[in-house]
Amino acid sequence: MEDVLGQVIGVLKARRLKGERRAWLSPEARAALAASVAPAPRPRPEAAVAVSAPVRPVPPPELDRPAAAPARSPAVETPVPLAPAPAVSLPSLDLSGRSLEEVRAAVAACSRCDLCRAGRRQTVFSDGDPHAELMFIGEGPGADEDAQGIPFVGAAGQLLTKMIEGMQFRRQEVYICNIVKCRPPNNRQPTHEEGEACLPYLRRQIELVKPRCIVLLGSTALWHLLRAKGITKTHGQWQKFNDIPVMPTYHPSFLLRVPERKRECWNDLQQVMKVFGKSPKPPAVPAAAAAP
Ligand code: URA
């Protein structure tokens with residue numbers, strides 16, 4: 001197996017030097033790569049889930065971004081099986097071929113659900129780098145976001161910014177957006193229909209930004225993007241959306257209310273850091289210990 005792995009790596013490196021961005025790999029090559037990077041499966045809280053959710057082989061590394069750091073594709077754990085989503089009848093919306101600015105304009109003119117008439121001041125599309133390698137997806141704008149037209153600028157946004165910086169990214173380096181782009185009245189959770197109405201915009205945002213990794217913040221994002229329920233069970237377990245590794249974790253608003261869950265969230269985010277070859281800094285030496 002090691003011989004095959006060495007050959008595969010050699011071939012991939014040579015192809016990248018030639019400027020090739022994607023490579024087809026034989027089943028043996030895939031197996032060798034999977035065996036070399038798949039971590040031992042973590043114990044899962046529910047035996048039934050562990051039996052029905054085998055860890056899928058790790059796909060070969062993508063070659064379409066310069067390897068800034070020794071990134072590894074994380075192993076994927078399948079979400080808990082779901083009840084089917086309620087059917088929603090909406091006019092179809094084809095955004096293929098539209099740029100991010102065109103999608104932003106389409107969102108600003110959107111009336112696919114009642115949120116556009118429910119007292120919001122403006123749509124809230126995104127913040128950050130449209131070429132970001134890391135994307136955060138929240139639920140929907142609150143009062144501060146509605147006032148400023150920028151996602152995650154209120155109290156939850158300040159915590160999200162700290163989380164991003166703790167991960168050794170700058171806020172401007174990542175891409176931040178939401179499931180719904182209009183503020184739900186009284187900050188209520190968006191309904192299933194509202195989320196569905198807005199989903200084509202988010203899908204196109206993901207297609208265009210092409211992040212290397214997505215962090216889903218909270219259960220609304222988890223439900224609408226992956227159709228998985230239960231952030232408490234699913235957080236910290238790698239998922240996939242269109243071949244992009246997805247890490248679900250707690251929403252910062254929840255962490256403001258339940259700060260004792262911050263440690264679990266930090267563990268989830270450290271898994272994401274590893275994808276980018278980053279590791280948390282060791283705690284600073286306490287002043288007393290550093291004194292002569
Ligand atoms: N909560 C969210 O989910 N999104 C925001 O933009 C702000 C708060």
Side-chain angles (χ1 to χ4, degrees), residues 100 103-104 107-108 110 113 115-116 118-130 132 134-167 169-199 201-206 209 211 214-232 234-235 239 241 246-259 261-262 264-265 268-269 272:
L100 274 178
V103 179
R104 183 192 289 271
V107 163
C110 179
C113 80
L115 289 183
C116 65
R120 62 110 164 112
R121 289 194 214 178
Q122 57 189 317
T123 52
V124 177
F125 188 65
S126 71
D127 192 26
D129 181 357
L134 179 56
M135 180 183 253
F136 290 82
I137 303 176
E139 177 176 302
D144 296 302
E145 292 75 22
D146 183 56
Q148 295 187 40
I150 303 170
F152 282 101
V153 288
Q158 283 164 27
L159 179 55
L160 177 62
T161 304
K162 279 193 194 154
M163 287 156 60
I164 292 167
E165 288 169 355
M167 295 171 75
F169 285 89
R170 284 172 301 130
R171 184 176 158 121
Q172 315 86 276
E173 276 182 294
V174 305
Y175 190 86
I176 303 173
C177 58
N178 280 310
I179 295 291
V180 296
K181 317 299 193 211
C182 295
R183 180 191 181 197
N186 305 316
N187 294 346
R188 67 157 168 76
Q189 194 179 19
T191 63
H192 177 67
E193 290 73 15
E194 289 158 358
E196 289 306 285
C198 230
L199 206 53
Y201 301 120
L202 178 63
R203 286 176 166 273
R204 184 69 185 145
Q205 281 176 298
I206 296 172
V209 175
I214 295 175
V215 176
L216 289 185
L217 300 166
S219 54
T220 302
L222 178 66
W223 168 251
H224 285 283
L225 199 71
L226 297 181
R227 288 281 172 270
K229 277 189 172 167
I231 193 71
T232 316
T234 313
H235 82 93
Q239 310 292 321
F241 175 77
V246 173
M247 174 55 66
T249 193
Y250 294 115
H251 192 285
S253 302
F254 171 75
L255 295 175
L256 289 173
R257 292 195 305 275
V258 190
R261 292 292 173 100
K262 282 185 183 173
E264 289 166 55
C265 175
D268 304 343
L269 298 180
V272 177

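A quick note: this is a predicted structure, and the numbers were derived from the prediction, not measured. Just follow the structure's listing: the first ligand is 1, and inside any ligand the first atom is 1.
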What do the steps show when you test Ser126 against Gln205 for side-chain contact (heavy atoms from CB on, under 4.5 Å), and what is the final call? CA-CA 9 Å; Ser126 71; Gln205 281 176 298; 3.9 Å; yes
Of all heavy-atom pairs between His224 and Leu199, which one has the smallest distance, and what is that distance? O-CD2, 3.5 Å
Would you indicate whether the side-chain heavy atoms of Val209 and Leu100 approach each other to under 4.5 Å? yes
Under 4.0 Å from ligand 1, residues with heavy atoms, in chain and number order, are Gly138, Glu139, Gly140, Glu145, Pro151, Phe152, Asn178, His251
Partners meeting side-chain contact (heavy atoms from CB on, under 4.5 Å) with Glu264 (sequence neighbours left out): His235, Tyr250, Arg261
Under the side-chain contact (heavy atoms from CB on, under 4.5 Å) test, residues paired with Gln172 that sit two or more places apart: Arg170
Taken in chain and number order and not counting sequence neighbours, the residues that satisfy side-chain contact (heavy atoms from CB on, under 4.5 Å) with Pro259 are Lys262
